[in-house]
Amino acid sequence: MKGKLCMMAALLLTVSQGIQAQHVTRAVAHRGYWTCEGSAQNSLTSLQKAYEAGCWGSELDIWLTADGQLVVNHDAHTLDGLDIEKTDSKQLLESKLKNGETLPSLEAYLDAGKSLTPMMLVLELKTQSTPERNIELARKVVDMVKDKGMEDQVEYIAFSNQVGTELIRLAPEAQVAYLNGDKTPAELKELGYTGLDYAHKVLKKNSHWIDEAHKLGLTVNVWTVNKAEDLQYFIDHKADYITTNEPALLLDMLKKK
C-alpha cells in the first residue's frame, strides 16, 4: 500500500511539473514594433516588423472619426493636431506618421494583418467622448472583423467597461480583456471577460491576481513592460502575454528560458 501511495505521489508530481513546464509566455508588440529603424507607432510598417520579429501578437489602437469611420492611432489627436473624433476620415487619412506613412484606416490595417498569420491582432478600442460613440465603435469594429472573416485572428481589449461588455455581447465567442486595472479577476469573470490586461505596476501590487485569474480560466496580459528585470518578473510569474515596446528583447529572453 505504501509503495502504491509513493508511486501515485510521484506520478502526480510528474504531471504537475509537466503542466508547469508547458506554460508559455507570449510577446505582444505594443502599437506594433515601432522602436526599430523606419517604423512608427501604429503604422503598417510596425505591424510587418512585429511579424518579422516573431511576435505572437501586435497591438493597435482604434478611434471613431467624425464621419463614423474607423482609424488606427494611439492618441486622441494626430501628430499635426487633428482631433480624431471631430475630424472626417478623408482629412485624417492624409495625416502623416513619424516615419512618413499616412495614418491608416482600420480596414487597411486588417487587410495587411490578414496575410500575417499566425500572428494575432490585439485590437484596443479607445474610450470615446460619449457612451453612444463607445457603442457605435464596438459595433463597427466587430462588424468589420466579421466581414473580413478574421474572428479567429483578433482579440479585443478596452479600458472602458462599457466598451468591453458591449464587445462581449456582440462577439460572445471572442477573447475580450479589460485594461483599467480596477476589477478583481472574480469580477471580470462575472462580467464575461476572458482575461485581464493590466499595467505592470497594478499586477506587481496585486501579484496574487495572476494565479487567481488562471484558476478562474482567465488569461493574464501585462503592459507596457520594457526593462529586462520587469520582463523576467512576469515571465517567472507566468503571465500569458507581455505587451512591450521592446519585443526583440523579450523574444530573446523567452528563447533562453
same_hphob_cluster([X], [Y]) at 4.5 Å side-chain heavy-atom cutoff:
X	Y	value
I62	L47	yes
M144	I84	no
V163	L70	yes
V176	V222	yes
L110	V142	yes

Might you point out which heavy atoms bring [X] and [Y] nearest each other, and give the distance in Å?
X	Y	value
W209	L203	CB-CD2, 4.3 Å
L103	L93	O-CD2, 3.3 Å
S46	A40	CB-O, 3.2 Å
A27	L250	CB-CD2, 3.5 Å
L82	S95	CD1-CB, 4.5 Å
K140	G68	NZ-O, 2.8 Å

Could you measure the distance from the [atom1] atom of [X] to the [atom2] atom of [Y]? Nearest 0.5 Å is fine.
X	Y	atom1	atom2	value
D240	H23	CG	NE2	4.5 Å
L231	I242	CG	CD1	5.5 Å
L97	L79	CG	CG	6.5 Å
L216	L188	CG	CG	9.5 Å
K256	L251	NZ	CG	12.0 Å
L64	R133	CG	CZ	4.0 Å

For [X], what residues pass the side-chain hydrogen bond (donor to acceptor under 3.5 Å, both in side chains) criterion, not counting sequence neighbours?
X	result
E94	none
Q41	R31
T45	E101
E246	none

*asked:* Does this structure show an ion pair linking D80 with K96, if we count only N-O contacts that are shorter than 4.0 Å?
replied: no
- Item | Lys/Arg N to Asp/Glu carboxylate O, E166 vs R139, below 4.0 Å | no
Sequence neighbours excluded, the answer for salt bridge (Lys or Arg N to Asp or Glu O under 4.0 Å) partners of D75 is none
With sequence neighbours left out, the residues meeting salt bridge (Lys or Arg N to Asp or Glu O under 4.0 Å) with K255 are none
Given the options V141, D111, D61, L106 meets side-chain contact (heavy atoms from CB on, under 4.5 Å) only with V141
Sorted by first residue and then second, give each ring pair (Phe, Tyr, Trp, His ring centres under 6.0 Å) pair with at least one member in [range]; sequence neighbours left out.
range	value
residues 73-127	none
residues 115-143	none
residues 29-66	W56-Y241
residues 157-192	F159-W223, Y178-Y193

Exercise for review: Decide side chain to side chain donor-acceptor pair (under 3.5 Å) for T243 and E59; before the verdict, give the C-alpha distance in whole Å, the side-chain angles of both, and the deciding distance to 0.1 Å.
Suggested key: CA-CA 8 Å; T243 298; E59 183 261 357; over 6 Å; no
Treating [X] as the side-chain partner and [Y] as the backbone partner, does any N or O pair qualify as donor plus acceptor under 3.5 Å?
X	Y	answer
N134	Q128	yes
E187	T184	yes
K114	K148	yes
N99	G38	yes
D252	A248	no
S43	S39	no

_Heavy-atom check, side chain of D88 versus side chain of T65, under 4.5 Å_ = no
- Query: Side chains of K183 and L191: does their closest heavy-atom pair fall under 4.5 Å?
  - Reply: yes
Applied to residues 204-214, the salt bridge (Lys or Arg N to Asp or Glu O under 4.0 Å) test, sequence neighbours excluded, yields K204-D230
Listed pairs under 3.5 Å, donor-acceptor, residues 149-158 side chains, sequence neighbours left out:
from: Q153; atom 1: NE2; to: G113; atom 2: O; distance (Å): 2.8
from: Q153; atom 1: NE2; to: M119; atom 2: O; distance (Å): 3.1

Only residue of N226, T35, T224 satisfying side-chain hydrogen bond (donor to acceptor under 3.5 Å, both in side chains) with T244 is N226
- Item | Derivation and outcome, side chain to side chain donor-acceptor pair (under 3.5 Å), residues N161 and N180 | CA-CA 8 Å; N161 185 49; N180 207 43; over 6 Å; no
Query - Over 12 foreign heavy atoms within 6.0 Å of CD, E173 - result: no
Any chance CD of E190 has more than 12 other-residue heavy atoms, nucleotides or ligands included, within less than 6.0 Å? no
Practice item. List the steps, then state whether side-chain contact (heavy atoms from CB on, under 4.5 Å) holds for V145 with L123. Key: CA-CA 10 Å; V145 168; L123 278 55; 3.9 Å; yes
